[in-house]
Number of protein chains: 2
Amino acid sequence: MIKAVRSFNRAVTQRVGALNEHYLGRSRPLGEARVLWEIGERGCDVRLLRARLDLDSGYLSRLLRSLEGAGLTALTPSDDDRRVRNVRLTKRGGAELAMLDQRSDALAKSMLSTLAPAQQERLVTAMAEVDRLLTASAVEISQVDPDQSDARLCLSAYYAELDRRFPAGFDAATGDSLEPGEMRPPAGLLLVATLGKTAVGCGVLRFHSEGWAEIKRLWVDGSVRGLGLGRRLLGELETPGCATREPHGSPGHEQVAS
Amino acid sequence: MIKAVRSFNRAVTQRVGALNEHYLGRSRPLGEARVLWEIGERGCDVRLLRARLDLDSGYLSRLLRSLEGAGLTALTPSDDDRRVRNVRLTKRGGAELAMLDQRSDALAKSMLSTLAPAQQERLVTAMAEVDRLLTASAVEISQVDPDQSDARLCLSAYYAELDRRFPAGFDAATGDSLEPGEMRPPAGLLLVATLGKTAVGCGVLRFHSEGWAEIKRLWVDGSVRGLGLGRRLLGELETPGCATREPHGSPGHEQVAS
DNA sequence: CACAATCTCTGACTTTAGTCAGAGATTGCC
DNA sequence: GGCAATCTCTGACTAAAGTCAGAGATTGTG
């Protein structure tokens, strides 16, 4: 199993990685291309950009200046908070992005073009499966304080979803309310699942004096449903740490985390 | 389809790429790690190393010097040709390679560890499929002169294989010999399939005056059998260019190759 | 033996991709 | 209004990854 994963890693970094650089990094450095990509047609706050690409503020600033110098982007102060800047693509920037898009398509096509139709189909199916499961495996679950921003986002997403689901809507005030204090030890605990930097699920354990506990606020974001995340959250709530250990007790993460 | 491939590319370069750098580039620059990797336990000619990693000779020279400085490798002139150098790992170099190996294993494990056993199995199966098909799609077929080194390698591999296969062995001298002249236009043509820089298959078309041709010397290396390469070679011999075009006439490579 | 080709190495560069420490403008909060 | 926090920018660095033009040794070939 390990061997197959390693072989996959090697093949994929060589082929896809190399091709990516070749196709996309042709007209400008890959870093700039990535930024263009992330800005998108609709523009974006610099702050958000920095968070999503996980770049140093100074570095990003320079990348943006370089793009601006090439006439591809325009920076304007944001309306509601004049500390943050808003980037958007100029006409030329839009054209550049469209070209990156085309190249990305061309790359995808070139990966299929030499295969027979039946092979193409199998490759695409397998890719989709890998894509899904790799996403699932990248989700991290950790215990956080209910006042933390991710936690609050999850809880309000949970309420919003209930409101959408119930025919008569749902009012958080009328439901069984859980104070933040009840979601943190020793009264209870809150787990949040994150994918990269965005929260995609949560679950709460509420301890009761008699030695039992109840599970509440279990929510999984629509974008990651069907990946077994709900089950994983449940498992974590029932036996903390179970999902971060190797299934058969063999040494997993720990060895590596040094 | 294109969309799925693009999604896969993005997911994979982000996750696998980032993890790779994190795990493997920890103790030394990725470039040096790659070189160590490619040298392997058994050592290697510098010339071969350069070909396999496709590096500038000056750059590789410096990388090797840096590794030598760290006491990981030793350079000795090759016995049969004293222009080329032979690199091998010292004891410390071997240890370093073993550590890279461990990290690579750990990385593979970390990609599986959070998944349920059934998911793990599906992921590994899908990865193996992608691995195979991506390899298949990376094979390039081109017409070469029969005197070229790849061509000669293929032809002698073909004879060697016949010799192994026939109970009584096979002697190239007794078989129907094809002179190089018969494998190049206008008398015939020779196709060679290459994966990266190594030849993995070939096929010859011998024209006859009556307006028909015969196919000879069709061979596929054992390492890439089962990927449909034989069929592809046949197809190319029958209708040149068929496999390098899009199946449904939509614009493929050409758009990009500019 | 002369000469071209091959292989490696050196020196001098460049670009990319970052990191770090502040400065300056703005905002939220007491 | 004062002060801490937030966001962006600038300057000053660094490391990695590569490119290019030869120089020097060695080898095959006519």
Side-chain angles (χ1 to χ4, degrees), chain A residues 13-14 17-18 20-22 24-39 43-70 73-88 147 149, chain B residues 13-14 17-18 20-22 24-39 43-70 73-88 147-149 197:
Chain A
T13 46
Q14 271 179 17
N20 241 307
E21 282 174 35
H22 177 244
L24 303 181
R26 201 145 48 174
S27 44
R28 55 189 60 262
L30 221 64
E32 289 183 12
R34 261 196 298 258
V35 170
L36 270 186
W37 200 268
E38 202 62 42
I39 292 173
C44 171
D45 281 356
V46 169
R47 172 186 19 186
L48 188 60
L49 209 56
R50 204 175 46 241
R52 283 209 293 235
L53 293 167
D54 195 30
L55 293 176
D56 175 79
S57 62
Y59 182 34
L60 177 57
S61 182
R62 249 174 283 264
L63 284 176
L64 288 174
R65 182 121 340 91
S66 162
L67 288 172
E68 202 171 13
T73 62
L75 272 175
T76 49
S78 174
D79 293 333
D80 38 326
D81 183 342
R82 293 230 296 282
R83 287 170 303 185
V84 326
R85 305 277 160 126
N86 193 277
V87 223
R88 52 184 182 66
D147 275 338
S149 66
Chain B
T13 45
Q14 272 180 17
N20 242 308
E21 283 174 32
H22 178 243
L24 303 180
R26 203 142 48 174
S27 44
R28 57 188 60 261
L30 220 63
E32 290 184 11
R34 261 197 296 257
V35 171
L36 269 184
W37 200 268
E38 203 61 42
I39 293 172
C44 172
D45 281 356
V46 169
R47 171 186 19 185
L48 187 60
L49 208 55
R50 204 175 44 243
R52 282 208 293 233
L53 293 168
D54 194 30
L55 293 176
D56 175 80
S57 62
Y59 183 33
L60 178 56
S61 183
R62 249 174 282 267
L63 284 177
L64 288 174
R65 182 120 339 91
S66 161
L67 289 171
E68 202 172 15
T73 61
L75 272 174
T76 49
S78 175
D79 293 335
D80 38 324
D81 183 342
R82 291 229 297 283
R83 288 170 302 185
V84 328
R85 306 275 159 127
N86 192 276
V87 222
R88 54 184 179 66
D147 275 339
Q148 189 234 17
S149 64
K197 304 227 157 188

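Values below: all heavy atoms of this structure, side chains included; hydrogens, waters and symmetry mates excluded. To find a chain, count down the sequence lines: A is the first, B the second, and so on, and within it residues start at 1.
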query: dA16(D), dG18(D), dA5(D): which one has an atom nearest the side-chain heavy atoms of Arg83(A)?
result: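 Per side-chain heavy atoms of Arg83(A), the pick is dA5(D).
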Touch class at under 4.0 angstrom, heavy-atom based, for [X] against every strand present:
| X | answer |
| --- | --- |
| Leu64(B) | nothing |
| Leu30(B) | sugar-phosphate |
| Asp81(A) | sugar-phosphate |
| Arg65(B) | sugar-phosphate |
| Leu75(B) | sugar-phosphate |
| Gly31(B) | sugar-phosphate |

message: Between Arg62(A) and Ser66(A), is the side-chain hydrogen bond (donor to acceptor under 3.5 Å, both in side chains) condition met? List the steps.
response: CA-CA 6 Å; Arg62(A) 249 174 283 264; Ser66(A) 162; over 6 Å; no
5' to 3' contact window, DNA chain C with chain A (heavy-atom distance under 4.0 Å):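 Range of nucleotides touched by chain A: dT16(C) to dT27(C).
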message: Both Glu32(A) and Asp80(A) contact DNA chain C. Taking the nearest nucleotide for each, which residue is further toward the 5' end?
response: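 It is Glu32(A), whose closest nucleotide lies nearer the 5' terminus.
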query: Starting at the 5' end of DNA chain C and moving along, which residue's nearest nucleotide shows up first, Asp79(A) or Asp54(A)?
result: Asp54(A)
message: Is it the case that over 12 heavy atoms from other parts of the model lie below 6.0 angstrom from the CZ atom of Arg52(A)?
response: yes
field: Side-chain heavy atoms of Leu75(A) within contact of Val46(A), under 4.5 Å
entry: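 Heavy-atom side-chain distance check passes, below 4.5 Å.
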